[in-house]
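Order of the sequence lines sets the chain letters (A, B, ...), proteins ahead of strands, with each chain counted from 1.
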Amino acid sequence: MQDFDYAAPISTNEAVRLLADPAQKAVVLAGGTDILVLLRERRRRATLVVDVKKIAELNELAMTAEGGLFLGAAVPCSRIYREATIAEKYSALTDAVKIIGGWQIQSRATVGGNLCNASPAADSIPPLAIYDAVAEIAGPSGRRQMPVAEFCSGVGKNVLARGELLVAIIFPPTPVHSGAAYQRFIPRNEMDIAVASAASYVELDDKGAIRKARIVLGAVAPTTVRATKAEEALIGQQPSDALFIKAGELAQLAASPIDDMRGTVEYRKHLCGVLTRRTLAIAVERAAANKK
Amino acid sequence: MAKKQLITAIINGEEREFACEPRQSLLEVLRDSLQLTGAKEGCNNGNCGACTVLLNGEPVVSCLVLAVEAEGAKIETVEGIAAGGQLQPLQQCFLEGAALQCGVCTPGFLMTTKALLERNPHPTEEEIRFQLAGNLCRCTGYDKIVRAVQAAAEGAK
């Protein structure tokens with residue numbers, strides 16, 4: 001492993017000061033499941049590793065006063081899927097954090113890190129996007145917020161400027177008669193990287209018709225993509241298998257995947273259709289059950 | 001070279017102090033400084049689970065933990081699970097069920113299984129396979145391992 005110094009600040013301001021220090025090449029350590037591999041393989045260089053796990057607000061996992069969810073950037077996946085309230089209100093998030101790596105990875109890996117790492121195949125990003133979650137960012141010139149959907153700017157790239165730190169991801173409340181789901185396809189049963197993935201969110205009206213829909217695809221473009229044409233086709237309609245098939249076909253059009261060892265372009269497009277159809281069916285089922 | 005730091009952690013129930021460089025993994029320190037060689041180095045990038053230890057009760061791959069992060073933590077390794085020269089029932093079940101060949105992956109499997117049975121004393125076969133998916137074995141099939149975990153869970157009834 002390359003040589004570096006280590007700091008574990010207990011405040012966000014101190015972390016930002018360390019990250020902005022012009023004398024250092026600093027990287028953030030949360031769960032470490034990506035960054036430690038990159039440092040070991042010298043695909044990233046650092047003179048200072050800033051461990052953010054001791055900062056209280058980055059470890060906070062709580063419902064907000066508005067009824068949404070505050071997810072600190074350093075909260076590991078295993079803490080998220082053990083929360084019954086999150087499984088109930090943000091089921092697509094729970095779907096994703098349960099399948100990121102194996103148990104050992106889930107004990108450490110964070111959704112904040114998954115977002116910052118900006119892999120096109122990141123499992124947690126499509127769920128964040130369908131919930132219209134917001135990234136809370138601290139930096140040398142203060143705080144700012146931005147939609148999670150705009151946070152990643154390319155493969156492995158995010159919008160954070162030097163000295164900036166992702167503090168939390170804040171989810172708006174989920175209304176009654178809403179439901180969501182996330183699924184990915186991998187060639188193995190577990191422990192693999194998504195070949196394609198889809199997250200769907202729906203809100204039903206009093207008559208059971210779809211009032212709102214959001215569909216986000218992963219691993220089929222440099223960043224996640226909204227399948228807007230598929231969403232539009234769902235609005236005002238009664239859920240049915242035929243409708244989900246049509247939405248799946250339209251979702252395929254939003255995908256612009258690459259060929260690689262995990263799958264071809266055609267295969268990935270096909271999977272977008274299948275996963276959209278399946279996640280919509282589960283989302284509608286969950287929405288119908290969500291009467292509180 | 002970055003300065004060594006002095007770290008105190010509870011390892012297998014005992015308070016231990018060690019000095020390490022920030023760049024050293026917990027796995028390196030366990031094996032090279034503390035002579036706890038139960039955790040094995042397999043892939044060294046978080047894929048194989050051979051170096052699994054429990055960090056504050058949670059299974060983690062110790063190759064992806066910096067030793068400096070262990071300050072104040074409770075760490076359990078395979079060396080800590082047998083008591084008074086007696087194998088733990090779980091270890092006995094792996095032995096009797098021949099749930100290993102070369103044995104490199106076994107300490108990792110034992111630690112993940114320990115965590116699993118503590119949380120869920122009677123897992124289904126599917127749950128066992130799902131929770132142990134982060135532990136790879138490259139010489140035998142997984143069936144004997146799954147049976148050993150089932151036998152351990154049965155024995156605990």
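Residues of residues 16-31 of chain B lying within less than 4.5 angstrom of chain A, judged on heavy atoms, are B:E21, B:P22, B:R23, B:S25 in numerical order. Residues from residues 131-138 of chain B that place a non-hydrogen atom less than 4.5 Å from a non-hydrogen atom of chain A comprise B:Q131, B:A133, B:G134, B:N135, B:L136, given in numerical order. Interface residues of residues 95-112 of chain B toward chain A, defined by a heavy-atom distance below 4.5 Å and sorted by number: B:T112.
Remark: B:D143 engages B:R147 in a salt bridge, criterion side-chain N to carboxylate O under 4.0 Å. A:R268 has a carboxylate O that lies under 4.0 Å from a charged side-chain N of A:D260, or vice versa, which qualifies the two as a salt bridge. Ionic pairing of A:R108 and B:E69 is present here: one or more N-O contacts between side-chain nitrogen and carboxylate oxygen are shorter than 4.0 angstrom.
Contact of A:Q106 with chain B is not made at all, since no heavy-atom distance falls under 4.5 Å. For A:I35, no part lies under 4.5 angstrom from a heavy atom of chain B. A:R79 does not touch chain B: none of its heavy atoms, backbone or side chain, sits under 4.5 Å away. For B:N44, the parts lying near chain A are the backbone and the side chain together; criterion is any non-hydrogen pair under 4.5 Å. At a 4.5 Å heavy-atom cutoff, the contact between A:S78 and chain B is made by side-chain atoms alone.
Here the straight-line distance linking atom NZ of B:K74 with atom CG of B:N12 works out to 10.0 Å at 0.5 Å rounding. The distance from the CE atom of A:M191 to the CD atom of A:Q104 is 7.0 Å, given to the nearest 0.5 Å. In this structure, A:I137 CD1 and A:C116 SG are separated by 8.0 Å, a value rounded to the nearest 0.5 Å.
Considering A:R45, A:R43, A:R44 in turn, A:R43 is the only one that fulfils the salt bridge (Lys or Arg N to Asp or Glu O under 4.0 Å) rule with A:E41.
For the residue pair B:E79/B:T77, the side-chain donor-acceptor check at 3.5 Å is satisfied.
Counting non-hydrogen atoms of other residues, nucleotides and ligands closer than 6.0 Å to CZ of B:R129 gives a total above 12. At most 12 heavy atoms of other shown residues, nucleotides or ligands fall within 6.0 angstrom of atom CD1 in A:I10. The 12-atom threshold is not exceeded at NZ of A:K98, counting heavy atoms of other residues, nucleotides or ligands nearer than 6.0 Å. Within a 6.0 Å radius of CD in B:E118, other residues, nucleotides and ligands contribute more than 12 heavy atoms.
Taking A:D51, A:L36, A:D3, A:D5 one by one and counting their heavy-atom pairs under 4.5 Å with chain B, the maximum is reached by A:D3. Taking B:A115, B:P59, B:C63 one by one and counting their heavy-atom pairs under 4.5 Å with chain A, the maximum is reached by B:P59. Of the listed residues (A:R40, A:K54, A:R188), the greatest number of heavy-atom pairs within a distance under 4.5 Å of chain B belongs to A:R40. Top candidate by heavy-atom pairs under 4.5 Å with chain A, chosen from B:L55, B:N47, B:L116, is B:L116.
Residue A:A46 comes nearest to A:Q2 through the heavy atom pair N-OE1, 3.1 Å, listed as atom of the first residue, atom of the second, then distance. The heavy-atom pair separating A:I186 from A:I193 by the smallest distance is CG2-O, 3.4 Å.
Shown here are the ring-ring contact (aromatic ring centres under 6.0 Å, His included) partners of A:Y90, two or more places apart in sequence or in another chain: A:Y131, A:F171.
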task: Show your working on side chain to side chain contact (heavy atoms under 4.5 Å, CB included) between A:L166 and A:L115 and close with a plain yes or no.
output: CA-CA 9 Å; A:L166 177 68; A:L115 180 61; 4.1 Å; yes
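The side-chain heavy atoms of A:Y182 and A:I99, taken from C-beta on, include a pair separated by under 4.5 Å.
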